[in-house]
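FYI, side chains are in, hydrogens and waters are out, and symmetry mates aren't considered; it's all heavy atoms of this structure. Counting convention: from 1, in listed order, for ligands and their atoms alike.
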Amino acid sequence: MKAKKSLGQNFLINDLVIKEISDSIKVSNHDLIIEIGPGRGALTKELMKKNCLLFCYEIDTDLKVYLAQLNSSNLHIIYKDILSSNIIDDIKNYQYENIYIVGNLPYYITTPIIKHLINLDLPIKEMVFMVQEEVANRFASLYGTSDYGSITLYLKYYYDVSKLFKVSKECFNPIPKVESAVIKFTKRINPLNVNKDIYFKLIDDAFKMKRKTLKNNLKNYDFNKVKKVLDKYHLPENVRAEELSEDVFMDIANNLKG
Ligand code: SAM
């Protein structure tokens, strides 16, 4: 059966990579794993060895011929679009301690999937995803680098994000056009002390035009309040958003509120 490009189907064929992804989450058999896009079941088979509850969401019913061969009372394959699935409803009758989410993601909807999972407000402990390398660099970037942006800060609000390892194109069939990497999201234990709405609007506005200064991007703000914080951190007025750490953004958001 031919892989469907439109569904981001690049199947993993390297056993070492599959094992490394699976080993990067340390679950107990009281936990729940959710796999996004099981495909032909390459990663699913490895995850099944963990002997815990496993829910998989696959949009392509043509893949039933492969996935129906996997048998375990712990395994639940749901043929639905992850973006319109009601995971909370699907898992409500099951007992589990922590939730781990894993997947070699369909790259065309990487960010919508991650935002969807965050918005569901599930008790997720960790998420491990294969994504396009360029995207991994953006998600896990540090301030002061060109990869750093509003998505970095948005994700960091909820999770510590780290790039685990690169994966070469030859580990997939068909071979994708882009390089890949595996990233890990670990739920932050202490939430940031900031008003979420003000903070998210601020980071969105601050990075609106990448080449402009912070001041130019925040034209509609009371810049005296912003400048007060910049002065505190000895930052010049013509600073760019990518040069500001999470702490500085948090401080600005708190100062805007008052
Ligand atoms: N896990 C398999 C592997 O590693 O070989 C397949 C990974 S493949 C990159 C992505 C998978 O996500 C495909 O099986 C594709 O059909 C599925 N997929 C694409 N869009 C989806 C969606 N909206 N909801 C659920 N699954 C989706």
Protein residue, atom and distance nearest to [atom], heavy-atom basis:
atom: atom 27 (C) of ligand 1; result: I59 CG2, 3.5 Å
atom: atom 19 (C) of ligand 1; result: L7 O, 3.2 Å
atom: atom 4 (O) of ligand 1; result: N104 ND2, 2.9 Å
atom: atom 9 (C) of ligand 1; result: G8 O, 3.1 Å
atom: atom 5 (O) of ligand 1; result: L12 N, 2.8 Å
atom: atom 2 (C) of ligand 1; result: P38 O, 3.3 Å
atom: atom 12 (O) of ligand 1; result: G37 CA, 3.3 Å
atom: atom 16 (O) of ligand 1; result: E58 OE2, 2.6 Å

Of the side chain and backbone of [X], name the one, both, or neither that has a heavy atom under 4.0 Å from an atom of ligand 1.
X: K4; value: neither
X: I18; value: neither
X: F11; value: both
X: L43; value: neither

Side chains of D90 and Y57: is there a donor and an acceptor less than 3.5 Å apart?
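Yes.
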
Short N or O distance, [X] and ligand 1, threshold 3.5 Å exclusive:
X: I36; answer: no
X: A42; answer: no
X: Y108; answer: yes
X: L83; answer: no

Parallel, tilted or perpendicular, as decided by the 30° and 60° cut-offs, for the rings of F207 and Y148
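Answer is perpendicular, since the angle exceeds 60°.
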
Parallel, tilted or perpendicular: which fits the ring planes of F200 and Y158, with parallel below 30° and perpendicular above 60°?
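Geometry flag for Y158 against F200: tilted rings.
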
Tell me, please: is M130 in heavy-atom contact with ligand 1, that is, under 4.0 Å?
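It does not; every heavy atom stays at 4.0 Å or beyond.
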
Hey, is D31 close enough to K50 for a salt bridge, meaning N to O under 4.0 Å?
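No, no charged N to carboxylate O under 4.0 Å.
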
Looking at K163 and E133, is there a salt bridge between them, counting it only when a charged N and a carboxylate O are closer than 4.0 Å?
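A salt bridge links E133 with K163.
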
Heavy-atom closest contact (V17 atom, C171 atom, distance):
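Taking V17 first and C171 second, the nearest heavy atoms are CG2-SG, 4.0 Å.
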
